[in-house]
Engineer: 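First the structure, which I've put down as structure tokens, then a few questions once you've had a look.
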Amino acid sequence: MTGEAISLQRTAGAEAATAYPAEQLRPIRWQLILGFVGLLIGGYLGLLQALERVGVDLYRASQIKTYYQGLTLHGVLLAFVFTFAFTNAFTQYMTMRGFGRPLASTALVQASFLTALLGVVLAGYAMLTNQASVLFTFYAPMKAHPLFYLGAVFLVISTWIVLANQLLTYRAWRREHPGERIPLPSYMGLMNYLMWTIATVGVAVEVLAFLLPWSLGWLDTTDPQLNRILFWLTGHPIVYFWLLPAYTSWYALVPAQVGGKLFSDGLTRLTFLLFLLFSIPVGVHHQFTDPGIPTAMKVIHMVLTFVVFVPSMITAFSVVAALETGGRKAGGRGLLGWIPRLPWGNPSVAAQLLAMLAFTLGGATGIINASFTMNLIVHNTAFVPGHFHLTVGTAVALSFMGIAYWFVPYLTGRQLFSRRLALVQAWCWAIGALIFARGQIGGGLESMPRRTAIGAATYALPGWDVSNWFTAVGGALMAIGGVLFFIVLFGTLFNAKRVEPAAVEPPLSEVIHGPKESWQIFDRIGLWVIVAIALTLLAYGPLLLGYLPANMTSPAIKVW
Ligand code: HAS
């Protein structure tokens, strides 16, 4: 290791002496399990939708009343419950790991889990009783049961609690380490949660000022357009809130897992800083077709969307560079000869490599979405679910599964149930997702609408048949991948074979360049939070002012 290659490794040294308290690891483990419950039920409902396209109706047998009840449960359980709970658990762990000390408050670790659980129970009740089939975007004027909105509030609060604990831990660490660089694993989590917490202001105002009072009967009407703008203020950054834990693993752990090194401390900090600054002021790219929004605003948000593309391009460079150092160290020669030398037999690594490959296509479809004129062709078509099953559905979900293959043994002290099954799982999911995305993207380009029970559509075009079969076969393969994941998970939870947690924890990656060359200013967190808030105000202030006072003219509708 070079003298400077220490920003991650130094903390690895520190952690050797630090055992994380069981009373903190326990609620982290429960939060992880809560996330997997979301994955299990939400994933099953995904299969129902995929099969509906080829005339297989499993809804009645599953006690699901309508397509929209199933779609709401699918979206909320996967996009909010699985992702939030996993992210809370993994980030708390990586914060401890980075700072090389326990989290500042055990009570906050417990509170984060309990609020997430409460949120899931409340929203789950509303959805399961078919009183909240409003889809995961809960657009007004569709009105859900108040417990649905309350559940969402508690889920978001669980993430704020994690941030509070991160900040307290940072403060305690800083007192003992004046002038030192913030360790990268903690820096990444901190930037993600700061970005996310600023972004949640949109949905907090939407729910607390409009939707909750409206669903409680305190307001008779609402303003759907203003609600949509507030939703997307949070709704776009949420995708990076899901993505950045995967990136944290790709930067801080995967390079070491493949025997390579992280390329640069400075580039890593820059990437996460760019996400803090530019994830939020871009939400209008979900509303290019909304008639009320001024074109100038749409153009500004489009340009900023291309800016937030940059940290992912930097990530593509950094990740491939790290993988290449590993592959070459293992004997890989020639231009691409290092790729087969990567440890493809390690399910944790294979899952994340496949997730990265899928993300390359997911990112490309994102750029199509973001381009104003092309968006007009794909918006509200099946193309969009094609895009997000490659991004959140594979880049994120498969990375989380890959992380779980060491994280669950680490948290439980039980050996991974079957490496081979875990490997088959990763390939099944990745291949399934690619076939599924081909179906959705192809269908979308042939104007197949999204959020529609296509199997029951009387207006289906002849070309949609092929796309529907791709979707159904791909979805079924993903479901098989899901079943295999849960076999491995349950097999591990009940495995009699024990492991030493320290033996399964991947080492933190060493860094080739930095942190000496990396600018100190990256660590000025207070400054960057102010800049992020200012950019958000600039991008959203004039837009929101144009919608005030709220146009409270719309009564509620119930379409299910
Ligand atoms: Fe998106 C809609 C634009 C990224 C999720 N997106 C959605 C929706 C979701 C979603 C859920 O501009 C639907 C919301 C709804 O219900 O209406 N998205 C983008 C852009 C990006 C992007 C520009 N999206 C994501 C991520 C998501 C996500 C990440 C979840 C985690 N998206 C849009 C737009 C819409 C949209 C519009 C609205 C569409 C509409 O009209 O409704 C970019 O951030 C993507 C950048 C990504 C890259 C890829 C970098 C590749 C990497 C991997 C490198 C590794 C390699 C592997 C090569 C540039 C980092 C090497 C391995 C070896 C083995 C060698």
Side-chain angles (χ1 to χ4, degrees), residues 83 236 239-240 242-251 253-255 257-258 260 262-264 267-268 271-272 274-275 278-279 282 285 305-327 332 335-344 348-371 374-375 378 382-403 426-442 444-445 470 474 477-478 481:
T83 51
H236 187 74
V239 312
Y240 299 114
W242 301 330
L243 179 70
L244 293 192
Y247 272 16
T248 301
S249 172
W250 297 0
Y251 276 99
L253 303 171
V254 170
Q257 284 179 294
V258 302
L262 176 60
F263 179 70
S264 157
L267 266 188
T268 308
T271 299
F272 281 77
L274 288 174
F275 278 119
F278 292 103
S279 295
V282 296
H285 71 218
T305 304
F306 284 97
V307 177
V308 81
F309 193 69
V310 172
S312 283
M313 293 309 290
I314 300 176
T315 301
F317 169 78
S318 296
V319 166
V320 173
L323 298 179
E324 189 177 346
T325 55
L335 190 63
L336 298 175
W338 53 272
I339 297 177
R341 296 298 180 130
L342 293 169
W344 289 97
S348 171
V349 172
Q352 295 185 72
L353 292 178
L354 293 169
M356 292 170 195
L357 286 169
F359 192 45
T360 314
L361 296 173
T365 49
I367 276 298
I368 292 170
N369 293 340
S371 310
M374 282 198 269
N375 182 276
V378 298
F383 186 95
V384 176
H387 159 69
F388 68 69
H389 281 81
L390 289 172
T391 51
V392 66
T394 307
V396 172
L398 195 50
S399 291
F400 286 4
M401 291 173 189
I403 294 168
W427 281 97
C428 232
W429 188 281
I431 294 170
L434 288 175
I435 296 173
F436 176 91
R438 158 65 184 84
Q440 294 283 282
I441 288 170
L445 293 177
F470 271 112
L477 260 178
M478 287 175 85

Engineer: Of all heavy-atom pairs between Phe309 and Gly363, which one has the smallest distance, and what is that distance?
Structural biologist: CE1-O, 3.8 Å
Engineer: Has the side chain of Ser348 got a donor or acceptor atom that lies under 3.5 Å from a matching backbone atom of Gly402?
Structural biologist: yes
Engineer: Between Phe306 and Ile367, which heavy-atom pair has the shortest distance, and what is it?
Structural biologist: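 Closest heavy-atom pair between Phe306 and Ile367: CE2-CD1, 3.3 Å.
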Engineer: Any idea how Phe272 and Tyr251 line up, ring-wise: parallel (<30°), tilted (30 to 60°), or perpendicular (>60°)?
Structural biologist: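 Answer is perpendicular, since the angle exceeds 60°.
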Engineer: About how many Å separate CD of Glu324 and CG of Leu342, when rounded to the nearest 0.5 Å?
Structural biologist: 9.5 Å
Engineer: Measuring from atom CG of Leu267 to atom CD1 of Ile314, what distance do you get when rounded to the nearest 0.5 angstrom?
Structural biologist: 6.0 Å
Engineer: Between Tyr240 and Ser279, what is the shortest heavy-atom contact and its length?
Structural biologist: CD1-OG, 3.5 Å
Engineer: Do the ring centers of Phe263 and Phe317 come within less than 6.0 Å of each other?
Structural biologist: yes
Engineer: Any side-chain heavy atom of Val319 sitting closer than 4.5 Å to one from Leu323?
Structural biologist: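 Val319 reaches Leu323 side chain to side chain.
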Engineer: Should Phe359 and Trp250 count as side-chain neighbours, where that means a heavy-atom distance under 4.5 Å?
Structural biologist: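 In contact.
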Engineer: Are any non-hydrogen side-chain atoms of Val392 and Val239 less than 4.5 angstrom apart?
Structural biologist: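 Val392 vs Val239: side chains apart.
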Engineer: Quick check: do Phe383 and Asn375 have side-chain heavy atoms less than 4.5 Å from each other?
Structural biologist: no
Engineer: With side-chain contact (heavy atoms from CB on, under 4.5 Å) as the test, would you mind laying out the steps for Met356 and Val254 before giving the verdict?
Structural biologist: CA-CA 11 Å; Met356 292 170 195; Val254 170; 4.0 Å; yes
Engineer: I need the minimum non-hydrogen distance between Met374 and Ile368, along with the two atoms involved.
Structural biologist: CB-O, 3.6 Å
Engineer: Is any side-chain heavy atom of Thr391 closer than 4.5 Å to a side-chain heavy atom of Leu243?
Structural biologist: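 Of all side-chain heavy-atom pairs linking Leu243 with Thr391, none is under 4.5 Å.
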Engineer: Where do Ala351 and Leu398 come nearest, in terms of heavy atoms and distance?
Structural biologist: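 Closest approach of Ala351 to Leu398, heavy atoms only: O-CG, 3.4 Å.
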Engineer: Within this structure, what is the CG-OG1 distance for the pair Leu262 and Thr268, rounded to the nearest 0.5 Å?
Structural biologist: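 It comes to 4.0 Å.
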Engineer: Could you tell me if the side chain of Thr365 sits less than 4.5 Å from the side chain of Phe388, heavy atoms only?
Structural biologist: no
Engineer: Compare all side-chain heavy atoms of Leu390 with those of Leu434 and state whether any distance is below 4.5 angstrom.
Structural biologist: yes
Engineer: Ignoring hydrogens and geometry, is there a side-chain-to-backbone donor-acceptor pair from Trp427 to Leu354 under 3.5 Å?
Structural biologist: no
Engineer: Which heavy-atom pair separates Gln440 from Pro385 by the least distance, and what is that distance?
Structural biologist: OE1-CB, 3.3 Å
Engineer: I'd like to check Phe400 versus Ser249 (side-chain heavy atoms, cut-off strictly below 4.5 Å). Are they in contact?
Structural biologist: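 No, every pair of side-chain atoms sits at 4.5 Å or beyond.
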Engineer: Set out, in order, the CA-CA distance, both residues' side-chain angles and the distance that settles side-chain contact (heavy atoms from CB on, under 4.5 Å) for Ile403 and Gln352, then state yes or no.
Structural biologist: CA-CA 8 Å; Ile403 294 168; Gln352 295 185 72; 4.0 Å; yes
Engineer: Using distance alone, with no hydrogens and no angle criterion, decide if Tyr247 and Ser399 have a side-chain donor and acceptor under 3.5 Å apart.
Structural biologist: no
Engineer: Is Trp344 reaching over with its side chain to a backbone N or O of Ile339, donor-acceptor style, under 3.5 angstrom?
Structural biologist: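 Yes, the answer is positive, given that a donor and an acceptor are paired below the 3.5 Å cut-off.
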